[in-house]
There are 2 protein chains.
Amino acid sequence: MDKKSPIKITLTERDESVTITQWVYQTLRNAVMYGEILPGRVLTIRELAGILDVSPMPVREALRQLAAENALEIQGNRRVMVPKMTAMKFNELCEARIAIESHAAARALPYIDNDRLEQLRSLDSLIDQAQEEDNLSQISILNQNFHRSLYTANPHQVTLPLIESLWLQLGPFMRMATSELEEHYLVDRHNEAMSAIERRDAYALQMAIAADIREGIAFAGTPEMLHTFIENSGH
Amino acid sequence: MDKKSPIKITLTERDESVTITQWVYQTLRNAVMYGEILPGRVLTIRELAGILDVSPMPVREALRQLAAENALEIQGNRRVMVPKMTAMKFNELCEARIAIESHAAARALPYIDNDRLEQLRSLDSLIDQAQEEDNLSQISILNQNFHRSLYTANPHQVTLPLIESLWLQLGPFMRMATSELEEHYLVDRHNEAMSAIERRDAYALQMAIAADIREGIAFAGTPEMLHTFIENSGH
DNA sequence: CTTTATTCTTTGTGATCACAAAAGCATGTA
DNA sequence: TACATGCTTTTGTGATCACAAAGAATAAAG
């Protein structure tokens, strides 16, 4: 029955107020994000429908949406798979993150009021706390929240969906990166960012965000780590 | 029957080799791109299915895909509409274009070989030609092709889908912009870009691309033009 | 043993239907 | 006039089915 790797997807309780399609979408999105599905794995509608115990219809819609967000790849022969990663593509994704996110940060800066600043401070200290506790997955989540909170300060925000698409494509590697974070995190870039925000220094903020991204993914960029990853991608 | 504006969508012959969903997707995408559907207009699956003379199913899928690409907006109450434009949002979209596209151009530069260079030159001269003939819609299309051809030189390209999403959101305004292009196009930025490419000067290329985008949309950014646009958006 | 041809199975696509939620609409009340 | 209330219609969601194309497996031929 299950030719390929059996696919173990973390299932969460479905909130009644949410449509089945939305639930399937979130479930699959998390599965991709957390690397639960190997790159290169071919996904079939009926198989996923069986695993998630829903009809094929919501799966169809969720897959199409994820494909549109570049989280999944539609092969010429109308088949869907998790895209494979390469060292070069990984590099491009990181550089794209830096370009877009530092831009988004600078564009958000004028809109940061006291409430937002307080929220960012709170997230910052939560990250420090999680870092002391070595709670790696928590760090990863809080870090994303920090970035998101920063960018969404801009009420005319248009880049966040693009940024989220990049996060989704980097997926498991963003987590991988944080797994060795402590050793290399010599400078707390978030504190730098906070200070730049308080001084209303757009350029310094961009530098801090760029450094934060670059340092957070530096190791994943090292040959060893990438190699293990690309190997899994290969087949 | 038709409560709102009747929706006049340009229909093209459907190629047999293409799925109905893909054809519907392209048709609706063009309709949004060319401003055939007013912003704020609520779209219903069945209405579109009737207009396009297909079953509701392909329309459902196409709508979801376009929504994922930020071409359409899903309101809280599971309804789909063409997003309204505001002056601020328009500005954000333009600035985002500049940030991402100049980045994409710089990243593509090392990969531009002679074939690509020749292709760009050819497009450049076609644009000059269309400009002499005042063929505005042709200019708009060729201009997009020029940008696309430049960015896709990079074989590890990851930003093009994001850029296309921005183009889609700017949609009709990119055309609007070109309608007064001739008067303001004092400097041919494409020639500047070509020259930068030949000199392998990444910084100059970025500046040329940024200027090209900024000048191409400058008038749309003027109060008058935006006002007429936002008025239509308003209701 | 390898390669080609044929059958059988799997899978995406698209159509149709049932249902519940949302929207529209008319009527009634302050 | 403005706002609430009950009814009707519209609409998105999700399930099921038929079908053609793609894949996999088996058989036949070199």
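Heavy atoms only: backbone and side chains are in, while hydrogens, waters and symmetry mates are out. Below, read A as the first sequence line, B as the second, and so on, with proteins coming before strands; counting in each chain starts at 1. The structure presented is a predicted model; accordingly, all values stated were derived computationally and were not measured.
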S.K.: Does Arg116(B) have any side chain to side chain donor-acceptor pair (under 3.5 Å) partners at least two apart in sequence or in another chain, and if so, which?
M.R.: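 If we apply the side chain to side chain donor-acceptor pair (under 3.5 Å) test to Arg116(B), skipping adjacent residues, the hits are Thr152(B).
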S.K.: With DNA chain D as reference, determine whether Val80(B) or Pro58(A) sits nearer its 5' end, using the nearest nucleotide of each.
M.R.: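 Counting from the 5' end, the first nearest nucleotide belongs to Val80(B).
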S.K.: Please figure out whether Leu63(A) or Met57(A) has its closest DNA chain C nucleotide nearer the 5' end.
M.R.: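 The residue whose closest nucleotide sits nearer the 5' end is Leu63(A).
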S.K.: State which residue, out of Glu61(B), Arg64(B), Glu69(B), fulfils the side chain to side chain donor-acceptor pair (under 3.5 Å) condition with Tyr25(B).
M.R.: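 Exactly one pass, corresponding to Glu69(B).
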S.K.: Atom CG of Asp53(A) to atom P of dA15(D): distance rounded to whole Å?
M.R.: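 So the CG-P distance, Asp53(A) to dA15(D), works out to 10 Å.
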S.K.: Take the protein atom CG of Leu72(B) and the nucleotide atom P of dG12(D), then report the distance between them rounded to whole Å.
M.R.: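 About 13 Å, once rounded to whole Å.
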S.K.: Rounded to whole angstrom units, what separation is found between the CD atom of Gln65(A) and the P atom of dT13(D)?
M.R.: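 Gln65(A) atom CD is separated from dT13(D) atom P by 11 Å.
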S.K.: Given the structure, check if the side chain of Arg60(A) and the base of dG14(C) hold any donor-acceptor pair shorter than 3.5 Å.
M.R.: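 Result: at least one qualifying N/O pair found.
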S.K.: Check the distance between dG14(C)'s C1' and Leu52(B)'s CG and give it to me in whole angstrom.
M.R.: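 After rounding, the reported distance stands at 15 Å.
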S.K.: Residues of residues 10-22 of chain A with any non-hydrogen atom less than 4.0 angstrom from an atom of DNA chain D: list those, numerically ordered, please.
M.R.: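 Result for residues 10-22 of chain A: Thr19(A), Ile20(A), Thr21(A), sorted by number.
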S.K.: Mind checking Leu43(B) for me? I need base, sugar-phosphate or nothing, with any heavy atom below 4.0 Å counting as a touch.
M.R.: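 Sugar-phosphate: the residue Leu43(B), judged by heavy atoms under 4.0 Å, touches backbone atoms but no base.
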S.K.: Is there side-chain contact between Glu101(B) and Trp167(B), with heavy atoms separated by less than 4.5 Å?
M.R.: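 Contact flag for Glu101(B)/Trp167(B) side chains = yes.
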S.K.: So Ile20(B) and Arg14(B), side-chain contact (heavy atoms from CB on, under 4.5 Å) or not? Walk me through it.
M.R.: CA-CA 8 Å; Ile20(B) 297 183; Arg14(B) 185 168 79 82; 3.7 Å; yes
S.K.: In terms of side-chain heavy atoms of Thr44(B), which of dT16(C), dG12(D), dT16(D) is nearest?
M.R.: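 Comparing dT16(C), dG12(D), dT16(D) against the side chain of Thr44(B), the answer is dG12(D).
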S.K.: Is the shortest distance from a Lys or Arg side-chain nitrogen in Arg148(B) or Glu164(B) to a carboxylate oxygen in the other one below 4.0 Å?
M.R.: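 A salt bridge links Arg148(B) with Glu164(B).
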S.K.: To the nearest Å, how far apart are Glu61(A) CD and dG12(C) P?
M.R.: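 For the pair Glu61(A) CD and dG12(C) P, the rounded distance is 15 Å.
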S.K.: Rounding to a whole Å, what distance do you find between Ile45(B):CD1 and dG14(C):P?
M.R.: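 Taking CD1 of Ile45(B) and P of dG14(C), I get 15 Å after rounding.
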S.K.: Is a donor on one side and an acceptor on the other found under 3.5 Å between the side chain of Glu36(A) and the backbone of Thr10(A)?
M.R.: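 It does hold such a pair.
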S.K.: Among the nucleotides dG12(C), dG12(D), dT16(C), which one has an atom lying closest to any side-chain atom of Arg46(B)?
M.R.: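 So the side chain of Arg46(B) is nearest to dG12(D).
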S.K.: With a non-hydrogen cut-off below 4.0 angstrom, is Arg79(A) in contact with a base, only sugar-phosphate, or nothing?
M.R.: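 Sugar-phosphate, no base atom in range.
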S.K.: Using whole Å, report how far CE of Met81(B) lies from P of dT11(D).
M.R.: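 The answer, rounded to whole Å, is 17 Å.
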S.K.: Quick one: side chain to side chain donor-acceptor pair (under 3.5 Å) partners of Glu92(A), sequence neighbours excluded?
M.R.: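 Side chain to side chain donor-acceptor pair (under 3.5 Å) check on Glu92(A) returns Arg107(B), Asn154(B).
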